[in-house]
Amino acid sequence: MALLPLLFFPDPRLHTVAKPVAAVDQRIHTLVADMLDTMYEAKGIGLAATQVDVHERVIVIDVSEQRDQAVVLINPHLVWTSTTTHLNEEGCLSVPGIYDGVERFDAVTVSALDASGQSRVVQAEGLLAVCIQHEMDHLLGKVFVEYLSPLKRNRIKKKMLKAQREDAR
């Protein structure tokens with residue numbers, strides 16, 4: 001499969017709202033495989049199609065230690081959230097090297113299609129729940145730094161732009 005180029009904050013394409021996948025066909029199978037390869041290569045635990053400039057509702061996640069338990073969510077929809085939340089330290093492949101606290105639900109239930117197009121329900125808590133919420137935000141055009149104060153967000157934006165300029169040299 002192929003490694004896909006990642007978009008980096010503050011790229012405006014990261015704010016694009018993803019459209020539903022019309023059919024789980026060969027194109028989507030290839031996208032999922034490429035996203036998994038990209039996520040594993042980048043040492044990430046989750047990746048939304050938005051982050052690779054494909055604006056369709058596709059998420060891949062693998063929070064396992066062995067990196068062998070991929071979860072594919074196509075057209076995910078939150079059907080339940082816990083009443084309790086927790087401040088979690090988050091990072092993002094689109095905002096490399098930046099970590100900060102984001103308040104997330106402790107547990108969620110999501111309905112989605114899997115990689116074969118079959119309907120499934122995923123009940124998640126802990127790291128998997130956090131990752132699902134983080135990646136679903138990407139599908140809505142939201143990057144985790146948007147939960148931070150404007151001051152922190154602007155500092156991160158400046159840092160990212162400086163790093164991108166230096167990489168371009």
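Positions are given from 1, in the same order as the sequence printed here. Here the structure is a predicted model, which is why all the values come from computation and not from measurement.
Leu139 and Met39 are assigned to two separate hydrophobic clusters, defined by single-linkage of ILVMFWY side chains at heavy-atom distances under 4.5 Å. Taken together through direct or relayed side-chain contacts under 4.5 Å among Ile, Leu, Val, Met, Phe, Trp and Tyr, Leu47 and Leu31 form part of one hydrophobic cluster. Linking ILVMFWY residues whenever their side-chain heavy atoms come closer than 4.5 Å, directly or via other members, leaves Val63 and Val130 in distinct clusters. By the rule that hydrophobic residues join a cluster once side-chain heavy atoms approach within less than 4.5 Å of another member, Ile132 and Leu113 end up as members of separate clusters. In the hydrophobic clustering of ILVMFWY residues, with side-chain heavy atoms under 4.5 Å counting as a link, Met136 and Leu127 come out together.
Counting all heavy atoms, side chain and backbone alike, Ile61 lies closest to Cys131 at CG2-SG, 3.7 Å. Contact record, Val108 with Leu78: CB-CD2, 3.7 Å, taken as the closest heavy-atom pair. The minimum heavy-atom distance between Gly46 and Glu135, with the atom names listed, is C-OE2, 3.2 Å. Heavy atoms only, all atoms of each residue included: Leu4 and Thr38 are closest at N-OG1, 2.8 Å. Taking both residues in full, the closest heavy atoms of Asp34 and Ala2 are given as OD1-N, 2.9 Å, listed atom of the first, atom of the second, then distance. Closest approach of Ala49 and Glu56 over heavy atoms only: CB-O, 3.4 Å.
Among pairs with a residue in residues 114-123, those fulfilling side-chain hydrogen bond (donor to acceptor under 3.5 Å, both in side chains) read Asp114-Ser116, at least two apart in sequence or across chains.
Counting heavy atoms of neighbouring residues, nucleotides and ligands inside a 6.0 Å radius, atom CD of Glu103 exceeds 12 of them. Summarising the local packing, CZ of Arg155 is surrounded by 12 or fewer heavy atoms from other residues, nucleotides or ligands at distances under 6.0 Å. Annotation for Gln164: atom CD counts as buried by contact number, over 12 foreign heavy atoms lying within 6.0 Å.
Separating the CZ atom in Arg153 from the CG atom in Asp100 is a distance of 11.5 Å, to the nearest 0.5 Å. Put simply, NE2 on His134 and CD1 on Ile45 are 8.5 Å apart, with the number rounded to the nearest 0.5 Å. A distance of 11.5 Å separates OG1 in Thr50 from CG in Asp11, rounded to the nearest 0.5 Å. With rounding to the nearest 0.5 angstrom, the NZ atom of Lys43 is 6.0 Å from the CD atom of Glu41.
A donor-acceptor pair under 3.5 Å is formed between the side chain of Gln133 and the backbone N or O of Ala129. Distance alone, capped at 3.5 Å, places no donor-acceptor pair between the Asn88 side chain and the Glu90 backbone. Judged by distance alone, the side chain of His29 and the main-chain N or O of Ala115 form a donor-acceptor pair under 3.5 Å. Proximity of a side-chain donor or acceptor of Asn75 to a complementary backbone N or O of Val21 within less than 3.5 Å is detected. Side-chain N or O atoms of Asp62 include one that pairs as donor or acceptor with a backbone N or O of Gln69 at under 3.5 Å. Using modelled atom types, no side-chain atom of Asp37 and backbone atom of Tyr40 make a donor-acceptor pair closer than 3.5 Å.
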- prompt: Are Val102 and Glu89 close enough, and set up right, to give a side chain to side chain contact (heavy atoms under 4.5 Å, CB included), and what steps lead you there?
  reply: CA-CA 6 Å; Val102 177; Glu89 183 89 350; over 6 Å; no

task: Starting from the C-alpha separation in whole Å, work towards a yes-or-no answer on side chain to side chain contact (heavy atoms under 4.5 Å, CB included) for Glu146 and His15.
output: CA-CA 11 Å; Glu146 293 173 51; His15 299 295; 2.8 Å; yes

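Partner of Asp106 under the side chain to side chain donor-acceptor pair (under 3.5 Å) criterion, out of Thr81, Thr84, Thr83, Thr85: Thr84 alone. Here the rule is side chain to side chain contact (heavy atoms under 4.5 Å, CB included) with Lys142, and of Val17, Leu14, Asp137 only Asp137 fits it.
In this structure the side chain of Phe8 never reaches within 4.5 angstrom of the side chain of Pro10, judged on heavy atoms. The shortest distance between side-chain heavy atoms of Val145 and Lys152 does not fall below 4.5 Å. By the 4.5 Å heavy-atom criterion applied to side chains, Val95 and Phe144 are counted as neighbours. Side-chain atoms of Glu125 and Phe105, non-hydrogen and from C-beta on, never get closer than 4.5 Å to each other. When side chains are defined from C-beta on, Gln51 does not count as touching Met35, because their heavy atoms never get closer than 4.5 Å. Contact check for Ile59 versus Val72: no side-chain heavy atoms found under the 4.5 Å cut-off. Between Leu7 and Val52 there is no side-chain heavy-atom pair separated by less than 4.5 Å. The shortest distance between side-chain heavy atoms of Val79 and Val110 does not fall below 4.5 Å.
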